[in-house]
Amino acid sequence: MKVFFYNLGYFILEAFRTIRFHPLSNLFSFLGTGFILFLFGLVLTGWAVGDELVGALEQEAQVSAYFADQVGEAGAKQIITKMKTLDGVWEARYVTAGEAYAKNRELLGNEAEILRLFDNNPFEAFVEIKIDLNKMDQVLSQISSMKGIEYVRDNRDILEKLKGIVDAIKLLGGVIAAAVGITTLVIISHMIRQGIYHNKEQINTLRLLGAPNSFIAFPFVMAGLLLTLLGGGLAAALIIVMMNQGYQSIGEYIMFLPLPPAQELCRFIVAIILGISAALGLVGSLFGVSSIQKEG
Amino acid sequence: MIEANDVALTYSDGTKALKNVNLKIGPGELVYITGHSGSGKTSLLKLLMGIEFPSSGKLTVLGQRMKKGNDRKLRKLRRKIGPVFQEFKLIERRTALENVMIGMRILGIPPRKMKQEAMEALKKVGLEHKLHTPVEHLSWGEAQRVAIARAVVRKPALLIADEPTGNLDHNNALNILHILNSFRDEKTAVIITTHATHLIEGQDATYIRVQEGEITIEQRRVAG
Ligand SMILES: Nc1ncnc2c1ncn2[C@@H]1O[C@H](COP(=O)(O)OP(=O)(O)OP(=O)(O)O)[C@@H](O)[C@H]1O
Ligand SMILES: [Mg+2]
């Protein structure tokens, strides 16, 4: 420990020396890890946006249930009370025929004139149910088998498609995360190995003077960590630029997308990138320095 | 400090570098090892530093049985040794000062004390004007003196110098021997190999002659 503290300055200097010794290949290591981590950041952004989207849609997951003809208003209210006790039902609200009429007129806007063609209100009363999407199947079958319910309309198709997309993004994210991890580890451990190889003589001398492996390895681990962190910094900077430039325009382009707040998301992704780059740098360097031990 | 019983060293290619080495060196002893080129002087020192291990026999250095395997104990032992290698083994692209300090860093000496003592050691070997010169710009003899400073500055229990006078002129060689000898005290043994027999005659020292891998202790006057 004492050795470590007294020599911190030396270790840092040695780490920079290791990096400077192969400026070009280390520049590429830096750019390589930077771009890989940027890619990772992009996937992470997609992931976050997708997740937010599904979350929002899940909140709005609504089904409408229509009553059988013979059920009057009182009967309907009874059914609704029962419905509310079902597991997976968040809310059930009675919508009167008049309300349904008003709602549809609003939806139709200019076309609302068409409603004048009807003598009577063509809409029926129904019940608006908010459900837990994760219990969708169970809830739907329970509702449709209730006495007095004739027909249930859900937007299951859309929801399932969306879920599919998000799952795909998550899978892709997992694959890319694995690729990022492996590639960064390979780049960094290779860079460390190269450094160790070119400093064979120095390492041997340190050994002969009684240096423990940790003393020999430390500057290399630091160099690896520094390089990946720089790569992480580059990736983070690119993400910040992209968020500032691109994010808003996506938001304007597809207005209905409920985007997570840019600032928060940006901070979250930058933190993750830096954290991951530090972890990868450390592990990669430790892989790299393990070659010191092998040389007796 | 050092005890060898019937130690032999055979290199992996079959070269029998040392045979039947029986030796006992105590603290405060000054030992000169002489012998023709290729006789086995460096090989003997390599055994003492755990760079090579006895093919047979028993060797103990500073209480540590020398055999392959125990890296941790070996490193600990090496930290108590101040080695001057025949080919110096200085670290390139580092200054003379940094080279001297590196041996001390491993020992965990506080930075300020380390720097001061390293500068003093370099001054002792007459290199106070080369502190910040990268070692590859030094002359052969200067580099050798840096190697010596690096060894003595560690205040080792065992100072081992392989041909420390090999590349020095008469005066510098005497100076170096004087410096190395000055480290011999009740706790430190000093072991020096040299071809310069004329510089070491008639001292209060142990003289070991190596001939084709066999040693004879030619004169022995243990210091009081
Ligand atoms: N690693 C090795 N593998 C095989 N043979 C070796 C090895 N190192 C030394 N030798 C041989 O062992 C013998 C003794 O070598 P050593 O280096 O001990 O000689 P020396 O007395 O130090 O010579 P010099 O005065 O030239 O330094 C020589 O024949 C040498 O060729
Ligand atoms: Mg030799």
Side-chain angles (χ1 to χ4, degrees), chain A residues 1-26 191-223 226 286 288-296, chain B residues 45-46 48-53 62 64 68-69 71-95 97-115 134-136 146-147 150-151 153-154 156-158 160 162:
Chain A
M1 227 47 218
K2 206 169 56 178
V3 175
F4 174 84
F5 280 118
Y6 288 158
N7 293 306
L8 202 57
Y10 163 80
F11 287 141
I12 293 170
L13 225 67
E14 285 291 304
F16 276 108
R17 221 193 284 266
T18 311
I19 292 175
R20 262 207 328 256
F21 194 64
H22 287 282
L24 206 62
S25 85
N26 286 327
M191 172 227 143
I192 299 281
R193 252 165 239 260
Q194 198 186 23
I196 287 167
Y197 181 79
H198 286 280
N199 287 290
K200 272 197 310 239
E201 301 234 328
Q202 177 190 343
I203 289 170
N204 189 38
T205 302
L206 288 174
R207 264 225 172 83
L208 291 174
L209 294 170
N213 280 332
S214 57
F215 185 95
I216 296 169
F218 199 75
F220 291 106
V221 174
M222 253 176 125
L226 199 72
L286 290 175
V289 293
S290 66
S291 69
I292 292 179
Q293 265 94 330
K294 281 175 207 141
E295 283 167 37
Chain B
L45 298 186
K46 279 183 183 167
L48 299 183
M49 292 187 268
I51 299 171
E52 297 290 343
F53 297 93
L62 299 175
Q64 171 72 36
K68 224 175 182 144
D71 286 0
R72 235 187 133 79
K73 283 195 174 162
L74 185 61
R75 283 196 290 268
K76 239 174 142 178
L77 170 71
R78 282 176 176 171
R79 275 177 239 151
K80 294 184 214 154
I81 296 176
V84 181
F85 301 99
Q86 194 165 11
E87 69 283 16
F88 315 152
K89 294 196 191 293
L90 295 177
I91 294 173
E92 276 180 39
R93 294 182 303 278
R94 310 293 195 281
T95 64
L97 184 62
E98 184 49 51
N99 263 278
V100 175
M101 288 197 295
I102 204 126
M104 307 168 83
R105 291 188 187 283
I106 297 159
L107 307 180
I109 295 168
R112 191 174 295 174
K113 187 172 172 223
M114 176 171 71
K115 192 164 182 186
V135 288
E136 61 270 26
V146 173
R150 182 178 69 185
V153 83
R154 279 154 61 103
L158 187 59
I160 295 178
D162 199 359

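This one's a predicted model, so the numbers in the text were calculated from it and none came from an experiment. Proteins get letters first, then strands, A, B, ... in listed order; numbering begins at 1 in each.
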Can you tell me which portion of [X] sits under 4.5 Å from chain A's heavy atoms? Options are side chain, backbone, both or neither.
{"X": "B/Pro83", "answer": "side chain"}
{"X": "B/Arg93", "answer": "both"}
{"X": "B/Glu98", "answer": "side chain"}
{"X": "B/Ile109", "answer": "backbone"}

If only side-chain N and O atoms count, and only distance matters, is there a donor-acceptor pair under 3.5 Å linking B/Arg105 with A/Asn7?
yes
If the plane angle is over 60° it's perpendicular, under 30° parallel, otherwise tilted; pick one for A/Phe4 and A/Phe218.
perpendicular
In terms of heavy-atom contacts, does CD of A/Glu201 have more than 12 from other residues, nucleotides or ligands at under 6.0 Å?
no
Do B/Leu74 and B/Phe53 come close enough that some side-chain heavy atom pair is under 4.5 Å?
yes
Can you list the residues of residues 14-22 of chain A that sit under 4.5 Å from chain B, counting heavy atoms only?
A/Glu14, A/Arg17, A/Phe21
So, does B/Asn99 use its side chain to make a donor-acceptor pair with the main chain of B/Leu90 at under 3.5 Å?
no
CZ of B/Arg75 to NZ of B/Lys80, rounded to nearest 0.5 Å, is 14.0 Å
Quick one: pull up CG in B/Leu77 and CD in B/Gln64 and give me the separation to the nearest 0.5 Å.
6.0 Å
Could you check whether B/Glu87 pairs with B/Lys89 (Lys NZ or Arg NE/NH1/NH2 to Asp/Glu carboxylate O, under 4.0 Å)?
yes
